[in-house]
Structures are given as C-alpha cells and as structure tokens.
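Atom set for the values below is all heavy atoms of this structure, side chains included, hydrogens, waters and symmetry mates excluded. All ligand and atom numbering here is 1-based and tracks the order in the structure. Along the sequence shown, the residues carry numbers beginning at 1.
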Amino acid sequence: MGRAHVEFIQAQVLPWQAAPASLNRPGVEAKILSQDSVSGACTAILRYPSGFQGDAGFLTADEEFFVIDGGLEIGDWACGTHTYGFLPAHHPRGPMRSVRGAAVLTFFEAAPVAQRGTSAKAFDARKLVAPFDSYVAPWGEPLGDKLLRSTVKYKWLRQDPDNGEQTWISSAPPGYRHEGFESPMETHPYVEEMFMLAGELCGNTGRMTPGAYFWRPPGIRHGPYETRLGNFCFFRFKGGPITIDWSADKIRYTFDAPYRPALPPDFREHVANPADSVALY
Ligand SMILES: [Fe+2]
C-alpha cells in the first residue's frame, strides 16, 4: 500500500535497529523513518560504527544520501559531513569505510540488496550524482512562487531526468513569517519529504526542531509555516518537481500550534515514550 503518512516525528524518539542483512553493511544500525510496505523503498538514518568496512560491489536499488555527521568513504569518494550523492542501482562502488563513524540520511528506492562483483545490468548514468560537499555548493535560484518570499535560500542537489523530482536544501532566515500571521495553506500533487538539520519550523502540526522528519503523501493541506530561529532543512519531492497549490482561503496561525502528528501505529508507541536525548538523531 505504499508509504504511510508520517508527519511529523522527531527522529530522536525512534529506536535503532540492525540494518537489513541484505544491505551487507556489518555493524550498521538504522532508524527507519518511513518505508514502503510493497517495494521495500525506505528512508532511514544509517549509523556506521567507527572502523566500519564494507565490501565493494553494487546495490540493486538507487541509494541517495546525505551525511549528517561524521564521515564515510565509498571507494575513492571521501564523504564528509553534508556530502550529498545519488548512486543509481547497479552502479559499481568501491569498498566502503568509516574511520570515525558516520550518521547518514539514506534513501533507498527499493529494498536494498548488496551484491559483490560487477552487475550484469548497466546503471542509469543520467541519474548519477557523484558525491560532493554541499557546504561549498552555491545557493541557487529562489523559487518563483509568489507567496514564498525570496529570503528563503535553496541549494539544488538533484533533479530526476525522467519525472523531474527534486532534492534540495533550503534555509529560511530567523523571523520568517507571513504578514499578519495569516496565509493560505499549501498542497502538492507529489510527495514532500523533509529532515530538519538545524533551527525550527512552526506549522499547523506543531513545532519541528532538528531531527524532525515528515513524509507527506500528495494532496494534504499543510502550513502555513514560520520560524523565529530560522532553519536549515533537507527536502525531497517524489514523483515530480516542486509544485505548490495555494488554498483560496487564508488561515490565521501562531508560532505555537500544539503537536498534532499523523503517524502509523508503530510510530505512535515511540511518541508516547520519547527518547531522553537532545541529539540530532
Ligand atoms: Fe509543502
């Protein structure tokens, strides 16, 4: 049935579990943030222990990733904190290694199965984004949307060559809000997914802080959003490029809406028993 609506959860409250054996990354733990029950596609934070070593080979699924802490090597690629990459299924990869450990926000587009050697299938070279340091990547063009002011900055990380879906980092400055605390709400025709790296984002389902995550299916009204502290967030749109439909009506709002999450049943249990942690994940 695809992925459930997850909006929003602080990753800190979720438990670590062993990464799937099919991934063949010994000692790696995972926090599963969302998962497709049919395809096995998932979003997870993977935690690599210091001294981690993995085999060369390839994966049968696309792997998109963003290093949120520590560092990782994939063959000759040195992936430090805030390195971003997209490795298509069947892309050959050198051995993986982490000297001091790493936490990596990771997106698999199908159940990930690691295999040794070289794949008999060609990888889709159009989709490859060789890992690069997003710190040094320039801020890109602002959205042309009339209601999102140009003060929000974007680093465009990827656009799919087939359906145009996008991955980016955005940053809103402190004090970002709509005039008179009043704004239309938004909906999107595609999935919107977000992991908060820093700051805060206040919206109709509560106040997100670093480690907040949502997977929002298409067609769900949300917002408006504002922030006193500013923020730095990792976003994906799935199925198509960022597209915003604004409601005809305006909503009054505050910075302090109560937490009203929409979560699958197994997540509700963790919300009721939050982890005692202020770490990012
Ligand atoms: Fe949105």
Side-chain angles (χ1 to χ4, degrees), residues 2-11 33-34 43 64 66 105 107 139-160 163-179 181-264:
R3 297 202 209 191
H5 186 190
V6 176
E7 184 172 2
F8 63 92
I9 191 152
Q10 294 290 146
L33 302 176
S34 66
T43 299
E64 183 173 13
F66 180 79
L105 189 59
F107 309 88
W139 293 101
E141 290 296 310
L143 278 183
D145 189 273
K146 62 183 187 302
L147 286 179
L148 289 181
R149 280 157 293 161
S150 59
T151 49
V152 178
K153 292 175 162 185
Y154 297 86
K155 287 197 181 196
W156 300 100
L157 302 176
R158 167 183 186 261
Q159 181 153 30
D160 188 87
N163 64 13
E165 63 187 24
Q166 291 169 304
T167 302
W168 70 92
I169 290 168
S170 74
S171 179
Y176 176 89
R177 66 176 181 84
H178 297 270
E179 280 308 313
F181 289 93
E182 215 177 54
S183 169
M185 296 182 79
E186 32 179 301
T187 56
H188 309 299
Y190 307 115
V191 168
E192 183 175 26
E193 184 178 28
M194 191 280 293
F195 183 85
M196 176 167 287
L197 300 164
E200 65 162 11
L201 183 60
C202 307
N204 61 312
T205 58
R207 177 175 180 264
M208 292 175 253
T209 57
Y213 170 81
F214 65 73
W215 172 278
R216 180 186 299 127
I220 292 173
R221 268 167 65 107
H222 57 280
Y225 293 103
E226 64 285 326
T227 172
R228 286 164 291 205
L229 302 178
N231 59 46
F232 192 60
C233 302
F234 186 97
F235 275 95
R236 298 201 311 164
F237 254 48
K238 294 298 295 173
I242 182 167
T243 307
I244 305 174
D245 300 318
W246 294 99
S247 66
D249 54 326
K250 285 188 171 183
I251 305 299
R252 283 195 67 79
Y253 64 91
T254 74
F255 282 124
D256 299 307
Y259 183 40
R260 283 192 299 254
L263 298 171

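Taking the six-membered ring where the residue is Trp, the centroids of Phe237 and Trp168 are separated by under 6.0 Å. Centroid-to-centroid, the aromatic rings of Phe8 and Phe195 stay 6.0 Å apart or farther.
With sequence neighbours excluded, the residues satisfying salt bridge (Lys or Arg N to Asp or Glu O under 4.0 Å) with Lys238 are Glu109, Glu165. For the side-chain hydrogen bond (donor to acceptor under 3.5 Å, both in side chains) test, residues two or more places apart in sequence or in another chain that qualify with Tyr225 are Arg216.
Closest to the Fe ion (ligand 1) among the N, O or S atoms of Glu192 is OE1. When the N, O or S atoms of His222 are ranked by distance to the Fe ion (ligand 1), NE2 comes first. Between the Fe ion (ligand 1) and the N, O or S atoms of Glu186, the shortest distance is to OE1.
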